[in-house]
Structures are given as C-alpha cells and as structure tokens.
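Proteins come first, then strands; the chains are lettered A, B, ... in the order of their sequence lines, and each starts at number 1.
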Amino acid sequence: MPELPEVETVRRGLQPVMEGARILSVEQRRPDLRFPFPERFSESLSGRTIMSIGRRAKYLTMHLDRDPVLICHLGMSGSFRILSGRSASLPGVFHHERSKDEAHDHVVFNVEDAHGEARRVVFNDPRRFGFMLFAESAVLNEHASLAGLGVEPTGNALDGTLLSELLRGRRAPLKAALLDQRLIAGLGNIYVCEALWRAGLSPRREAGSLGAAEADRLSSAIRDVIAEAIEAGGSSLRDYVRADGSLGYFQHSFSVYDRESQPCPRQGCGGTISRIVQSGRSTFYCPSCQR
DNA sequence: AAGTGAACCTGAAGGC
DNA sequence: TGCCTTCAGGTTCACT
C-alpha cells in the first residue's frame with residue numbers, strides 16, 4: 001500500500017511522539033507478520049529511549065539509545081495510530097475517534113514521550129505483509145532489507161544522466177523498471193503511473209530505449225510527483241490514514257491512477273485513460289499522449 | 001542475468 | 001440476503 005510519500009508521512013506523524021520517548025513496554029500480539037518477529041522483540045525494546053525515526057525508501061527505521069535498530073515495513077495495509085495513554089484506558093475518548101478493527105492491532109508500543117505524556121503507538125496491518133526486523137546500527141545499510149536499494153527519488157541525486165545509466169540496456173517495460181527497488185527505491189504502482197503520465201512516456205516502452213531528453217523529463221517528473229505527494233501527506237485510498245488519524249489528499253491529484261475510461265487530463269490531448277496489466281499489476285496511462 | 005508470474009493474507013466491491 | 005470472483009499501495013521466491 002504505502003509508497004515512499006505515505007511512509008514519509010507516517011514517519012513525520014510518529015516523530016513528535018516517538019523522538020525522545022522512552023519505551024515502557026511493547027505488546028506483541030502474534031508470533032509473526034510477514035516474517036516472524038525477532039527473538040526477544042519486546043525485551044530488546046523495553047526500557048530504551050528512541051533517538052530518531054528515519055526512513056529509507058519504504059522502510060521506517062527506529063534508532064534507539066543502543067542496538068538494535070528497529071526496521072519496519074508497512075507492506076500493503078500497515079499503519080500506525082497514536083493514542084494518548086490516558087484515553088487508551090478510557091474507551092471512547094481516544095486521541096482520535098477513528099476505530100479500526102482492533103483484531104489487526106499486532107503491536108502496541110507503550111511509551112512516555114519527551115514531555116512525560118503516556119502514549120500508545122499501535123501498529124495495525126490486516127493483510128500482514130508488513131514486518132519488523134532488528135539490525136545492528138553500525139551495519140544498518142548492509143542489512144538484507146536495505147542493502148540492495150537504489151537511489152532515493154527525493155533530493156537532487158536522481159537526474160536524467162543517472163536515470164539513463166540505470167535504465168541502459170534494460171529490455172523490461174519502463175513501468176517494470178521503475179518499480180524495481182534496486183534502481184530507484186520508494187516508487188510504487190501509483191507514483192510510477194503518475195510520473196510516466198507527467199513525462200508523456202508510455203509504460204510499455206522498453207526501459208533502455210529512452211533518449212537523453214526523455215530521461216531528463218522522466219527524472220523531473222518522478223521527483224516532482226514524489227515531492228508533491230509528500231507535501232500533500234500522501235494518498236489515502238481505502239484504509240490509509242496518518243498516525244494522527246487524518247487523511248492525505250494527494251489522491252485528488254491523480255491524473256491517471258484508478259481513472260480507467262476517464263478523459264486524459266492533459267490540455268488538448270482528448271485521449272482516454274486505459275488500464276492494462278504489466279507483470280501482474282494494473283497500469284493506468286493515456287495511449288494518446290504517452291508514447 | 002534479467003524478466004515474469006505466483007505466493008503471501010484479508011477485506012471491499014461488484015456480479016448474479 | 002448470500003455466494004462467488006476480482007482486485008488492492010509490496011516484496012520475495014521459483015521458474016524460464
């Protein structure tokens with residue numbers, strides 16, 4: 001579910017409550033999510049102080065006052081919500097009222113935040129494609145989950161020259177190449193579709209076939225759409241909410257994603273958005289203006 | 001090696 | 001109403 005902008009939004013939502021907080025206890029309510037929880041999961045976290053919450057691609061990292069680092073992935077349906085500790089013991093007066101199905105509340109962090117407020121930070125994940133793992137901080141980037149990740153589409157690193165290099169020689173469709181986390185890390189189905197539309201490039205193009213001007217356009221489109229989506233607090237489809245319960249609103253800015261049969265929004269195009277399936281996933285694009 | 005498709009799991013939505 | 005199928009923001013594994 002969550003792509004980079006949603007994960008970054010979650011990180012920013014957790015930051016004010018988690019940074020500087022002390023973990024009093026951790027309730028682990030099942031043995032596994034996508035993977036088994038680490039050995040001594042709760043014991044290793046309890047008593048620690050959270051120094052910072054980081055993000056790499058779609059992974060969240062929780063850095064403590066000593067090892068291990070907690071690596072967390074939200075999978076397709078993972079989310080966090082924050083309850084005030086006091087409200088948590090008084091049903092009906094939660095920090096925010098949105099009550100998700102508590103059957104899928106898999107982990108609860110009981111913390112005391114930097115102001116001494118008791119908080120419950122709850123990880124909910126109906127599909128359980130998310131996971132939590134431990135890593136050694138000194139070799140965090142060599143951890144199996146993070147080691148192979150490509151360039152972040154935020155900041156200045158991703159330009160036309162680098163994108164050309166990454167795509168050179170690749171025979172896969174452009175869509176598939178952009179979803180490959182080893183090349184660019186953090187893009188998912190929504191933002192790949194949106195970036196390709198902005199760049200006027202067909203998702204079916206052979207990835208290695210882009211010219212320099214096209215690679216320039218695409219790298220700009222990727223960076224722009226990711227930056228705008230972060231600014232908007234991500235996209236809220238179905239059940240995605242921010243840690244404070246509010247919704248992101250980038251979904252209102254979709255040009256093609258989930259807009260099959262609707263007119264292409266590009267000025268003067270007049271085309272109609274199509275849905276095709278590429279490597280098992282829906283691609284939305286305008287066959288008229290994306291070539 | 002690179003590329004494709006299935007698998008993992010639950011819930012929502014649509015068709016009949 | 002219920003039952004069935006299809007689909008969903010991701011990653012990993014098995015296969016060609």
Rounded to whole angstrom units, what separation is found between the [atom1] atom of [X] and the [atom2] atom of [N]?
X: Gln278(A); N: dA6(B); atom1: CD; atom2: P; value: 16 Å
X: Arg182(A); N: dA1(B); atom1: CZ; atom2: P; value: 11 Å
X: Leu179(A); N: dT12(C); atom1: CG; atom2: P; value: 14 Å
X: Asn189(A); N: dG9(C); atom1: CG; atom2: C1'; value: 8 Å
X: Phe131(A); N: dT12(C); atom1: CZ; atom2: P; value: 6 Å
X: Ile190(A); N: dG9(C); atom1: CD1; atom2: P; value: 7 Å
X: Leu60(A); N: dT11(C); atom1: CG; atom2: P; value: 12 Å
X: Glu206(A); N: dA2(B); atom1: CD; atom2: P; value: 14 Å

- Task: Could you check Arg30(A) against Pro173(A) and say which one's nearest nucleotide on DNA chain B is further toward the 5' end?
- Result: Pro173(A)
Looking at [options], which one has an atom nearest to any side-chain atom of [X]?
X: Tyr257(A); options: dA8(C), dT4(B), dG11(B); value: dA8(C)
X: Tyr59(A); options: dG9(C), dT12(C), dA2(B); value: dT12(C)
X: Arg170(A); options: dT4(B), dG10(C), dA2(B); value: dA2(B)
X: Arg128(A); options: dT12(C), dA8(C), dT10(B); value: dT10(B)
X: Arg171(A); options: dC7(C), dG10(C), dG3(B); value: dG3(B)
X: His73(A); options: dG9(C), dG10(C), dA8(C); value: dG10(C)

If we take the [atom1] atom in both [N] and [M], what is their distance in whole Å?
N: dT12(C); M: dG11(B); atom1: P; answer: 24 Å
N: dG3(B); M: dG9(C); atom1: C1'; answer: 23 Å
N: dC9(B); M: dA14(C); atom1: P; answer: 16 Å
N: dC7(C); M: dG5(B); atom1: P; answer: 15 Å
N: dA7(B); M: dT5(C); atom1: P; answer: 16 Å

- Tell me whether the centres of the aromatic rings in Tyr285(A) and Tyr257(A) are closer together than 6.0 Å.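 No, they do not, as the ring centres are separated by 6.0 Å or more.
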- Aromatic ring proximity, centroids under 6.0 angstrom, Phe41(A) and Phe134(A):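 Yes, close enough.
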- Message: To the nearest 0.5 Å, what is the distance between CZ on Arg12(A) and CZ on Arg55(A)?
- Response: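 So the CZ of Arg12(A) and the CZ of Arg55(A) are separated by 8.5 Å.
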May I ask you to verify if any side-chain N or O of [X] is less than 4.0 angstrom from the OP1 or OP2 atom of [N]?
X: His104(A); N: dT10(B); result: no
X: Ser282(A); N: dA8(C); result: yes
X: Arg34(A); N: dT12(C); result: no
X: Lys58(A); N: dT11(C); result: yes

- Query: Given that both distances must come in under 3.5 Å, which nucleotide forms a Watson-Crick or G-U wobble pair with dG2(C)?
  - Reply: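 Paired with dC16(B).
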- Sort out the partner of dC9(B) for me: Watson-Crick or G-U wobble, both distances under 3.5 Å, none otherwise. none
- Query: Are any of the side-chain nitrogens in Arg223(A) or Asp159(A) under 4.0 Å away from the carboxylate oxygens of its partner?
  - Reply: no
- Most 5' of Gln181(A) and Gly280(A) on DNA chain C, judged by nearest nucleotide: Gly280(A)
- Check whether any side-chain N or O of Asp113(A) sits under 3.5 Å from a backbone N or O of His115(A) as a donor-acceptor pair, and report yes or no. yes
- Task: May I ask you to verify whether the side chain of Arg127(A) and the base of dA8(C) hold a donor-acceptor pair under 3.5 Å?
- Result: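 Checked by distance alone, the answer is yes.
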- Message: For a 4.5 angstrom cut-off between non-hydrogen side-chain atoms, does Pro203(A) reach Gln290(A)?
- Response: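 Yes - at least one pair of side-chain heavy atoms lies under 4.5 Å apart.
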- Is the ring of Phe129(A) stacked on the base of dC8(B), with centres less than 5.5 Å apart and planes under 30° off? yes
- Does one hydrophobic cluster hold both Ile23(A) and Ile82(A), with members joined at side-chain heavy-atom distances below 4.5 Å? yes
